[in-house]
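The figures that follow rest on heavy atoms only: side chains count, while hydrogens, waters and symmetry mates do not. Here is how names work: the chains are called A, B, and so on, in the same order as the sequence lines, proteins then strands, and each is numbered from 1.
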Amino acid sequence: MTGRLLLADMRHHLETALAVAAVVAVGAGIAAFAWAFGQGAASAISLGAERLGADIVVVARGEGAGLVESLVRGDAPDGYLADPTAEIRETTGVTAATPQLFLQSAEADCCDEGDVLIVGIEPATDFVVSPWVAKGAIGPAEDIVAGAAIRRPIGLPLTFLGQRRIVVANLARTGWGYFDRGAFIGIEAARSTAAESVRRDDVVDVAVPAGSVSAVFVRSEQPEVSARALRTSLPTADVVVLASVGRTIRDSAAAAATTAWLVAVLAGLVAVGAIATLVWSATRRRRTDIALLRALGASKVAVVRVVVMQAAMLGLMGGLVGSATGLGLATLFANWFTYQASIPFVAPGPAAWLWGGVGGAVVCAVVSAIAAIPPALAAAAADPYQGLSA
Amino acid sequence: MSARVRAAMLAGCGALLVVVPRWLLPVCPAEAEMRCAYTLLVATIAGAVVIIAAAVSLASPRVVVRWSLVTSLAAGIIAAVAPWTFAPVCGSPRMPCVSGAAPGLLVAGLLTAGVAAAALATHGRGSGEVRT
């Protein structure tokens, strides 16, 4: 009964109702976006660190400075170095080392499947991709493990640099371009692909010096000690300790999330003020109705309940719309975070949509109800006689 | 919603359609001659149409106002769907037109359509406009 009356009242004062719902929706949208960004970046960073599984990466001189950003965006470092894997394995603290060869496929005239990062891995020693696919998936030279952004199902062919290969496994989305845009093949197949591209006239030349690699991923029990030793023994290479660089990315993502949360809190405070003002003005406009209610015997509590319930209903509706919009925006711009802002990011999944949407709407309903209490108390305390004679 | 407020909001949305794919979340560089250049063209035309329609909506005949709002609604929807349909952006998620301009245009286009739809819904409600 009360609900029907409230809905009828909202229909009669549509503009006020829409204004309250819109204010709540904006606040909820900003908060949901900030929450989704923080969650998505944090989970992508930890997922990427887990998937990479390396403590140290050795790359050609000059490639180390932007290595992690390159891994996030899925760009291929241009430099190659003579394969130092055997020497690295002898270094103090090193427990495993695996070489990789990166090839950037042609982007074509604009945009076909060409723009992928081809990664040659050594199946026997690999600990970056192999643990996440079926045992022995990377075998014959025609086989390929495709990242999530390539969107080529298992069993279908994928052609790059003039070479046709069959997809044998798909990797789950990680929010890292290195994995999502990556097309992983055996390192010898990658070398032959590069050599073939130089021989053929119809594809872009990808010249790779014989016996060279792009990077060596290293596991170490003492990363800092191993890195110091490697810097001495490999003067022509850059040695990057992933933990320290990963911390930088984590810090920048955390700073961005904190800023977003501050904006969300600010928007929330503005929304609370705006809701209180709008409800106050609405009760002022309806003081005759409220006075009539009181004169007919309605208690002060009943008046407060009606006003607060109406604000809560509008908060719930605005919260649902705002939360869905914020989560939708985070989903829409997932690729922008990864490829343009160099922040690993995974779009919110169904659970995040459920919890973010429902949780956001409930929080908005509660906040709106609380914001409506002071004007509701003022309206209930007004003298019915004065209200009716106004 | 008063006529001036409505026109200002629509003009702002039209400006957004022009600004988003050109400066805020730009498409690929023009010198690369990529197909997202056509997306930019469509968005610019749609934005210009909305700005002109916003100016026209200041006119008093009700039928003119209504048609200018309908035009803005259509232009907003066209700009929103263009990157995924008849004026597609490039193919790789790494490209700025795919990761930034396309979702940006979707948001700006839907915002424009939403504002135009709201203006249409409230058009003539006690605003004192002259009916023809």
Side-chain angles (χ1 to χ4, degrees), chain A residues 14-15 18-19 21-22 25-26 29 33 69-70 72-76 104-117 147-152 160 173 175-183 321 324-326 328-343 345 347, chain B residues 1-2 5-6 9 16 20-21 23-40 79-81 83-84 87-111 113-115 117-127:
Chain A
L14 190 62
E15 287 189 355
L18 283 180
V26 170
F33 182 81
E69 285 80 2
S70 286
V72 172
R73 287 195 304 268
D75 296 336
Q104 183 66 58
S105 74
E107 290 188 5
D109 59 341
C110 180
C111 336
D112 53 11
E113 283 293 335
D115 186 25
V116 298
L117 174 67
I150 294 177
R151 292 181 185 172
R152 189 60 54 96
F160 43 73
R173 186 171 289 280
W176 287 63
Y178 167 80
F179 289 108
D180 295 348
R181 288 185 58 246
V321 172
T325 307
L329 284 176
T331 306
L332 267 177
F333 287 97
N335 283 334
W336 189 86
F337 292 131
T338 300
Y339 298 112
Q340 307 302 320
S342 301
I343 295 173
F345 182 78
Chain B
M1 196 186 291
S2 82
V5 171
R6 181 182 61 206
M9 285 174 73
L16 209 58
V20 164
W23 290 294
L24 283 184
L25 296 162
V27 294
C28 301
E31 58 269 23
E33 291 181 10
M34 294 187 166
R35 66 181 175 192
C36 56
Y38 295 104
T39 317
L40 174 66
V81 302
W84 283 278
V89 285
C90 302
S92 167
R94 205 163 59 114
M95 293 181 171
C97 59
V98 179
S99 58
L105 266 179
L106 180 67
V107 173
L110 289 181
L111 189 68
V115 168
L120 263 175
T122 57
H123 176 51
R125 268 195 181 187
S127 59

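- When each of A:Asp180, A:Leu18, A:Leu332 is checked for heavy-atom pairs under 4.5 Å with chain B, A:Leu332 comes out on top.
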Margin query: Determine whether B:Leu25 and A:Phe333 satisfy the following criterion, side chain to side chain contact (heavy atoms under 4.5 Å, CB included), listing intermediate values before the conclusion.
Written below: CA-CA 11 Å; B:Leu25 296 162; A:Phe333 287 97; 3.6 Å; yes
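- Take A:Val321 and apply the side chain to side chain contact (heavy atoms under 4.5 Å, CB included) test, not counting sequence neighbours, and it matches A:Thr325.
- Checked against ring-ring contact (aromatic ring centres under 6.0 Å, His included), A:Phe33 has no partners two or more places apart in sequence or in another chain.
- Among the candidates B:Gly104, B:Pro93, B:Gly100, the residue making the largest number of heavy-atom pairs closer than 4.5 Å to chain A is B:Pro93.
- The two residues A:Arg73 and B:Arg94 make their nearest non-hydrogen contact at O-CD, 3.6 Å.
- Residue A:Leu329 touches chain B through its side chain alone, counting heavy-atom pairs closer than 4.5 Å.
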